[in-house]
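The structure appears right after this line, and notes come after that.
Chain A is the first sequence line, chain B the second, and so forth, proteins listed ahead of strands; every chain is numbered from 1.
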There are 2 protein chains.
Amino acid sequence: MSVGIRHDDLRRRNRAMVISAVRRAGQPSRTEIAATTGLSHSTISAISSDLIQEGILTEIKASETVSMKRGRPQVGLSLNPEAAAVLAVVLSLNFLSVAVIDYAGQVVAEEQRRLDTLTMSRDELIGECVAIVRRRLEDPDLDVQSVARIALAIQGITDSHARAMLWSPITPQTNIAFADILEREFGIPAIMENDCNMMAVALRWRDPDRYRDDFIAILLSHGIGMGLVLKGELFTGTHSSGGEFGHMIHRPGGALCRCGRRGCVEAYAGNYAIWRNARQLSENAEPVADVSDAEMRALAARARQTDGPEREAYRKAGEALGFGLGSLFALIDPAPVAMVGASAAAFDLIEPALREAIAQTAGGHHSGSISFDTETNELPLIREGCALRALSFVDQEIFAPGTQARASSVGKNVA
Amino acid sequence: MSVGIRHDDLRRRNRAMVISAVRRAGQPSRTEIAATTGLSHSTISAISSDLIQEGILTEIKASETVSMKRGRPQVGLSLNPEAAAVLAVVLSLNFLSVAVIDYAGQVVAEEQRRLDTLTMSRDELIGECVAIVRRRLEDPDLDVQSVARIALAIQGITDSHARAMLWSPITPQTNIAFADILEREFGIPAIMENDCNMMAVALRWRDPDRYRDDFIAILLSHGIGMGLVLKGELFTGTHSSGGEFGHMIHRPGGALCRCGRRGCVEAYAGNYAIWRNARQLSENAEPVADVSDAEMRALAARARQTDGPEREAYRKAGEALGFGLGSLFALIDPAPVAMVGASAAAFDLIEPALREAIAQTAGGHHSGSISFDTETNELPLIREGCALRALSFVDQEIFAPGTQARASSVGKNVA
DNA sequence: CCTATTTTTTCGAGCCTCGAAAAAATACTG
DNA sequence: CAGTATTTTTTCGAGGCTCGAAAAAATAGG
């Protein structure tokens with residue numbers, strides 16, 4: 001049951017609104033903030049003077065701005081980089097990375113590390129994550145006090161409370177409560193997010209004109225993932241991170257998927273599936289553990305060159321993605337799509353069959369008008385989304401705290 | 001861009017909260033309202049005394065309640081039935097009905113009418129709807145002044161602004177802006193909703209314990225429809241009512257669907273599809289316009305009796321629904337399902353294949369624990385949902401109006 | 001150096017919610 | 001039957017927040 005608004009919530013929410021406006025706009029003046037938030041100048045003045053006093057915002061030096069206009073020049077406000085710091089940890093197949101990000105969103109330090117996630121034990125995996133975070137926190141240049149949040153993104157399914165990894169293709173281990181583990185270990189609030197969801201968050205941040213209220217980010221990689229933003233909010237499942245587009249059923253009883261089931265979209269469109277079809281192996285052939293990017297590029301090159309099994313493999317991938325998107329569009333209506341990941345570089349091979357398939361589905365009316373964009377490198381996106389998520393938490397939960405933490409405000413999926 | 005909270009919004013929202021608490025609880029005392037809303041007794045006292053003065057709420061006569069407890073007895077508050085009235089119009093295949101509902105939710109008057117929607121012209125269809133509303137409004141017993149809202153539900157796709165029918169299986173006509181037409185004709189605000197969405201709204205109202213924050217209502221009828229509530233809100237598409245579960249793709253290139261495409265879930269699970277398979281007609285056979293409920297009951301009886309084509313037809317329906325639900329669950333996670341409509345009476349024939357199919361999909365882990373409920377009569381549900389929708393509008397937009405109507409508050413899909 | 005212009009701050013007014021206390025209305029008790 | 005205990009509801013003053021208007025601040029143009 002939703003709860004009434006109390007008087008003290010008012011200031012809290014408007015504080016959060018001001019911080020959020022500054023984060024989005026970069027260096028807005030008080031007047032601009034008043035315009036975007038709809039609050040009066042007096043209110044903005046009061047709130048921002050509080051925030052400056054508390055060291056959350058800073059005024060831009062007047063000398064740095066050249067005002068060509070008449071009148072008192074606007075004073076830009078910006079986030080104080082030293083107000084806090086967050087850690088963005090990204091765990092993907094055989095790869096672990098961490099970045100320290102200041103409150104203004106700049107990367108301060110980072111570390112990357114190769115490891116063999118598929119064969120590691122549960123404790124080893126957890127140990128590596130804890131260790132890489134510890135090394136960053138022990139950096140003498142870093143004021144540990146100021147680290148306000150750790151966000152960890154992983155390829156796989158996370159729970160809807162952003163506490164744990166439930167299942168992941170990068171490890172046989174399941175149900176690892178990374179967020180709780182890191183929180184206990186370092187005493188810093190932590191969250192655990194799905195990688196594709198973070199991609200979507202980052203895309204929206206990078207290009208809010210294109211990716212505004214409704215869009216789809218699809219990861220074309222060894223597996224197929226999706227991040228979905230609907231009505232301006234990140235879409236998640238009722239219990240998990242959800243949006244497992246790759247495991248929608250393309251052909252009942254069809255090709256063997258990495259997840260052990262049959263006929264999933266991923267069993268036709270994942271790298272391993274394209275590789276399997278290109279080699280003309282049986283659809284029942286066990287999915288290979290990994291296909292290198294170089295190998296996939298070679299496949300794509302062959303497909304472009306001759307009309308052989310490679311081209312057919314990409315065609316099948318396009319068909320699976322197209323019918324999958326068609327089913328998705330039946331539920332949510334068509335929306336712009338971003339194809340992310342190494343295989344997005346082969347989207348030219350995928351697109352014809354994909355469009356043909358969509359044309360045969362409910363979203364087909366607008367088949368031609370659905371726009372696809374490609375972005376071949378997912379890692380920077382995931383990290384950026386992760387950082388944004390963590391910073392957004394600091395904005396809302398730490399710098400605009402309720403008298404007591406309200407359950408209703410926590411976990412809001414504002415992308 | 002979200003907007004700050006102004007001081008006058010506070011009272012508005014809390015007024016709406018109080019009204020909503022009374023609508024949900026029936027006859028709550030001020031103390032109970034304070035408890036559910038989290039607001040102080042003083043605030044509730046002030047707001048409710050305003051609302052009583054304005055004739056929106058009324059106090060229950062003390063004599064009507066027997067207080068066994070010590071202390072000053074609680075005074076129940078209830079919605080004043082005379083505060084307003086709404087019209088719920090339901091347009092389905094060959095059937096049009098309207099109900100006048102008072103502010104407390106009681107049906108005051110109603111009218112039903114058979115017509116031949118499939119062959120009617122655009123103007124005839126509109127004319128019938130306008131006429132049936134006009135007859136109710138001309139009822140001398142009704143105070144026309146008090147009719148605050150007309151809600152029209154239709155089987156088919158509506159736009160996300162609740163203004164128009166975009167497409168419907170009950171008529172060859174498309175893009176009829178019923179809401180605008182009724183609004184112009186009678187000068188009463190009108191909305192146009194999808195029938196299955198209204199089913200979901202009503203289910204939540206009837207059984208909030210079972211259908212709380214996440215559930216699925218599926219209409220098993222001539223076609224297959226769905227109403228989806230996620231995180232406590234009605235789920236709609238980005239541009240349309242969305243949730244076209246029946247037109248997710250079950251088998252690419254498969255059986256011919258009523259929508260003209262191939263392989264939709266509905267092309268296996270709709271009444272016409274079951275009928276087609278039971279008669280062992282080709283999957284390419286043109287879907288018949290209508291199959292009577294009696295005929296479907298006969299099919300189901302045959303299927304229960306002998307293991308012939310009828311049983312196989314229901315099995316195929318179950319399989320299609322199961323794989324469709326499996327794909328849906330991949331996106332949103334499993335949730336309770338209500339099977340609504342005449343064919344829900346044959347759910348015993350559908351369930352085994354349905355569960356078997358789900359077990360082969362991503363939601364399969366919990367296949368056993370997914371609960372299905374059946375409700376064979378959809379019309380009362382649709383009408384009830386429609387009425388609730390209209391009343392909820394009155395609660396929020398008329399009796400708790402903003403200083404100026406805010407775009408952000410309009411169109412919130414609170415079920 | 002003065003004026004026009006624009007931004008920002010200040011200040012009092014008006015609401016709103018809250019907590020505490022008072023008032024109201026009943027059941028229990030001897 | 002009167003007095004007491006108990007529970008609900010209202011009243012009242014305090015504190016906070018936002019707003020509009022006016023003042024103050026800061027700059028360009030003449």
Would you say [X] places a side-chain N or O within less than 4.0 Å of OP1 or OP2 belonging to [N]?
| X | N | answer |
| --- | --- | --- |
| N14(A) | dC17(D) | no |
| K69(B) | dT8(D) | yes |
| R30(A) | dT9(C) | yes |
| R11(A) | dT18(D) | yes |

From C-beta outward on [X], which listed nucleotide comes closest to its side chain: [options]?
| X | options | answer |
| --- | --- | --- |
| R6(B) | dA26(D), dT9(D), dC19(D) | dC19(D) |
| L10(A) | dA25(C), dC17(D), dA4(C) | dC17(D) |
| Q74(A) | dT7(C), dC18(C), dT10(D) | dT7(C) |

Sugar-phosphate only, base, or nothing, as touched by S49(B) at under 4.0 Å among non-hydrogen atoms: nothing

Roughly how many Å is it from [atom1] in [X] to [atom2] in [N], rounded to a whole number?
| X | N | atom1 | atom2 | result |
| --- | --- | --- | --- | --- |
| E59(B) | dA24(C) | CD | C1' | 13 Å |
| R15(A) | dT18(D) | CZ | P | 11 Å |
| I5(A) | dG16(D) | CD1 | P | 20 Å |
| K61(B) | dT26(C) | NZ | C1' | 19 Å |
| L39(B) | dT9(D) | CG | P | 15 Å |
| M17(B) | dC16(C) | CE | C1' | 15 Å |
| I47(A) | dT8(C) | CD1 | P | 15 Å |
| I33(B) | dT8(D) | CD1 | P | 13 Å |

Residues, nucleotides or ligands: over 12 heavy atoms within 6.0 Å of E82(B) CD: no

H41(A) atom NE2: more than 12 heavy-atom contacts under 6.0 Å: yes

Side-chain (D207(B)) to main-chain (Y211(B)) donor-acceptor, under 3.5 angstrom: no

First encountered from the 5' end of DNA chain D, between R70(A) and I44(A): I44(A)

From R15(A), R23(A), R13(A), residue fulfilling salt bridge (Lys or Arg N to Asp or Glu O under 4.0 Å) relative to D395(A): R23(A)

No-H, no-angle donor-acceptor pair, R72(B) side chain to dT7(D) base, under 3.5 Å: no

Partners meeting side-chain hydrogen bond (donor to acceptor under 3.5 Å, both in side chains) with E59(B) (sequence neighbours left out): R30(B)

Gap separating the CG atom of L152(A) from the CG atom of L87(A), nearest 0.5 angstrom: 10.0 Å

Parallel, tilted or perpendicular, as decided by the 30° and 60° cut-offs, for the rings of H7(B) and H7(A): parallel

Any residue meeting side chain to side chain contact (heavy atoms under 4.5 Å, CB included) with V394(B), in chain and number order, not counting sequence neighbours: A84(B), V86(B), Y103(B), A148(B), R149(B), I398(B), F399(B)

Atom pairs under 3.5 Å: protein N/O with N/O of nucleotides 11-15 of chain D:
{"unit_1": "dG15(D)", "atom_1": "N2", "unit_2": "H7(A)", "atom_2": "ND1", "d": "3.3"}

Upstream residue (5' side of DNA chain C) when T43(B) and S48(A) are each assigned their closest nucleotide: S48(A)

